[in-house]
Visitor: 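I am attaching a structure below and will ask some questions about it afterwards.
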Amino acid sequence: MAPSFMIAKKDDPEYSVLELMGKEGIDLYGKDINLRKEAHDAFLAMKKAAYSDGIDLKIVSSYRNFNRQEIIWERKYIKYTEDNGMDPLDAIEKIIEYSTIPGTSRHHWGTDIDVIDGYRKTNGDVLVPEKFEAGGPFEDFKKWMDGNSEKFGFHIVYTNDPKRKGFKYEPWHYSYAPISIPMLTAYRRLNILQLLREENFYGSEHFTTGFIKNYVRNNILDINTALL
Ligand SMILES: [Zn+2]
């Protein structure tokens, strides 16, 4: 007979709602790394291996809490609706090409990173797909990650599969699968529609049921299938 605690575990999720939404402080490790312990250790091992091939894996962004994502979201929303005069729904569609709705970012989990090659000097924004292509400053980085990152548990999330919907191709965004897969499983059990309805940030009043359902299907779940 299974011990009772094993049965109880089913109703007692490993990750809390607040944690999954970036609203609860979690233990983060490493200066300029800021990941959960296991992801941090795996990243350091990967960084060491990359060094020996002449690549400096440099994290541009890793853990981000709800408030940080809310600032990013609202800054873009105000820019698009007020400065550019866009319709709120068009502005939201534009934001979600690359940015997540607060409470729905994988960066809330302490498992995901935006990463580049710190050895390569480049002007302007670094998280631009063209910079990771042939002739771009991060071409070698991309090749190295393609050949090695999965050995350390890191998988690209938003692939360049033309059939994929949701967020655009992000050759810089990697996820530590051993933790992020169970976290996504826990996240999928949440009632995202209900949770987002309780929020009150710029633009959130325009979220319809249909919009959120599409967002969950396309932006949260239409990712690299290795991470599902
Ligand atoms: Zn990212």
Side-chain angles (χ1 to χ4, degrees), residues 17-26 28 30-36 39 58-116 118 122-132 138 156-158 164-176 180 183-184 187 190 192-193 195-208 211-212 214-216 218-223 227:
V17 178
L18 293 178
E19 192 175 3
L20 291 164
M21 293 184 74
K23 293 184 168 191
E24 190 172 86
I26 55 169
L28 296 167
K31 186 183 174 288
D32 300 326
I33 296 179
N34 280 324
L35 291 173
R36 284 171 191 267
K58 187 184 166 210
I59 291 180
V60 176
S61 182
S62 53
Y63 177 76
R64 238 181 265 149
N65 66 18
F66 183 95
N67 290 338
R68 179 80 196 108
Q69 194 62 35
E70 192 175 30
I71 289 166
I72 294 170
W73 174 274
E74 293 196 324
R75 196 177 52 209
K76 288 195 174 184
Y77 186 82
I78 291 166
K79 181 180 164 221
Y80 294 148
T81 56
E82 292 181 13
D83 302 350
N84 303 359
M86 286 171 81
D87 173 81
L89 298 179
D90 292 338
I92 289 167
E93 290 296 341
K94 174 90 178 145
I95 300 171
I96 65 169
E97 286 181 1
Y98 286 108
S99 296
T100 55
I101 298 171
T104 73
S105 175
R106 299 177 62 95
H107 284 284
H108 293 331
W109 299 349
T111 58
D112 283 41
I113 50 175
D114 296 333
V115 60
I116 58 167
T122 172
N123 296 320
D125 291 341
V126 288
L127 305 184
V128 178
E130 293 72 37
K131 291 192 172 171
F132 295 76
F138 305 134
I156 196 162
V157 180
Y158 309 111
R164 198 179 55 75
K165 298 194 179 79
F167 296 113
K168 293 199 168 182
Y169 174 47
E170 293 192 3
W172 53 82
H173 187 131
Y174 284 80
S175 182
Y176 183 65
S180 70
M183 289 194 82
L184 180 61
Y187 195 86
L190 305 181
I192 308 294
L193 177 65
L195 289 166
L196 290 180
R197 283 223 170 110
E198 289 162 13
E199 294 300 338
N200 193 18
F201 44 80
Y202 281 107
S204 65
E205 71 273 24
H206 296 287
F207 295 164
T208 62
F211 168 78
I212 296 297
N214 278 330
Y215 179 82
V216 170
N218 298 334
N219 295 66
I220 297 177
L221 297 176
D222 198 359
I223 57 173
L227 291 168

Visitor: First locate atom CD1 of Ile101, then atom CD1 of Ile92, and finally report the distance between them rounded to the nearest 0.5 Å.
Guide: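 Atom-to-atom, Ile101:CD1 and Ile92:CD1 are 7.5 Å apart.
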
Visitor: Checking Val17 now: which residues fulfil side chain to side chain contact (heavy atoms under 4.5 Å, CB included) with it, not counting sequence neighbours?
Guide: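 Val17 satisfies side chain to side chain contact (heavy atoms under 4.5 Å, CB included) with Met21, Leu190, Leu195 only.
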
Visitor: Got a list of side-chain donor-acceptor pairs under 3.5 Å for residues 78-89, not counting sequence neighbours?
Guide:
unit_1 : atom_1 : unit_2 : atom_2 : d
Thr81  : OG1    : Tyr77  : O      : 2.7
Asp87  : OD2    : Leu89  : N      : 3.1

Visitor: Please find the pair of heavy atoms, one from Leu28 and one from Asn34, that lie closest to each other, and give the distance.
Guide: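 Nearest heavy atoms, Leu28 then Asn34: CD2-O, 3.7 Å.
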
Visitor: Within a reach of under 6.0 Å around CZ of Phe207, are more than 12 heavy atoms found that belong to other residues, nucleotides or ligands?
Guide: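 For Phe207, atom CZ is crowded (more than 12 foreign heavy atoms under 6.0 Å).
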
Visitor: Report yes if the side chains of Glu70 and Asn67 come closer than 4.5 Å at any heavy-atom pair, otherwise no.
Guide: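 The answer is yes; the side chains approach within 4.5 Å.
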
Visitor: Going by an N to O cut-off under 4.0 Å, is there a salt bridge joining Glu198 and Lys23?
Guide: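 Salt bridge absent between Glu198 and Lys23.
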
Visitor: Please give me the minimum heavy-atom distance between Leu20 and Tyr187, naming the atom from each residue.
Guide: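 Taking Leu20 first and Tyr187 second, the nearest heavy atoms are O-CE1, 3.6 Å.
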
Visitor: Given Arg106, which of Ile223, Ile220, Thr100 fulfils the side chain to side chain contact (heavy atoms under 4.5 Å, CB included) condition?
Guide: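 Result for side chain to side chain contact (heavy atoms under 4.5 Å, CB included) with Arg106: Ile223.
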
Visitor: When rounded to the nearest 0.5 angstrom, what distance separates NZ in Lys131 from CG in Asp125?
Guide: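 With rounding to 0.5 Å, NZ (Lys131) is 6.5 Å from CG (Asp125).
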
Visitor: Restricting to non-hydrogen atoms, name the atom on Ile113 and the atom on Ser62 that form the minimum distance, rounded to 0.1 Å.
Guide: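 Heavy atoms of Ile113 and Ser62 come nearest at CG2-CB, 3.9 Å.
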
Visitor: Taking ring-ring contact (aromatic ring centres under 6.0 Å, His included) as the cut-off, I'd like each qualifying pair that reaches into residues 86-107, sequence neighbours left out, listed once.
Guide: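 Qualifying pairs: His107-His173.
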
Visitor: Enter the distance from Ile96:CD1 to Phe167:CZ here, rounded to the nearest 0.5 Å.
Guide: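 Answer rounded to 0.5 Å: 6.5 Å.
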
Visitor: Measure across Thr111 and Ser180 and return the closest heavy-atom pair with its distance rounded to 0.1 Å.
Guide: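 For Thr111 and Ser180, the tightest heavy-atom pair comes out as OG1-CB, 3.5 Å.
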
Visitor: Counting distance only, does the side-chain N/O of Arg36 pair as donor-acceptor with the main-chain N or O of Trp109 below 3.5 Å?
Guide: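 Between the backbone of Trp109 and the side chain of Arg36 there is a qualifying donor-acceptor contact (under 3.5 Å).
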
Visitor: For residues Val126 and Trp172, determine if any side-chain heavy atom of one lies less than 4.5 Å from a side-chain heavy atom of the other.
Guide: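 Not in contact.
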
Visitor: Give the minimum heavy-atom separation between Asp32 and Ile59, together with the two atoms involved.
Guide: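 Of all heavy-atom pairs spanning Asp32 and Ile59, the closest is O-CB, 3.7 Å.
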
Visitor: In this structure, which one of His108, Arg64, Glu74 forms a side-chain hydrogen bond (donor to acceptor under 3.5 Å, both in side chains) with Gln69?
Guide: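 So, applying the side-chain hydrogen bond (donor to acceptor under 3.5 Å, both in side chains) to Gln69 and each of His108, Arg64, Glu74, only Arg64 qualifies.
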
Visitor: Tell me the closest heavy-atom pair linking Phe132 and Val115, and the distance in Å.
Guide: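 Closest approach of Phe132 to Val115, heavy atoms only: CE2-O, 4.1 Å.
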
Visitor: Is it true that a side-chain atom of Asp222 and a backbone atom of Lys165 form a donor plus acceptor pair closer than 3.5 Å?
Guide: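 Yes.
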
Visitor: Could you tell me the separation between the OG atom of Ser175 and the CD1 atom of Ile156, rounded to the nearest 0.5 Å?
Guide: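 If I round to the nearest 0.5 Å, the distance is 11.5 Å.
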
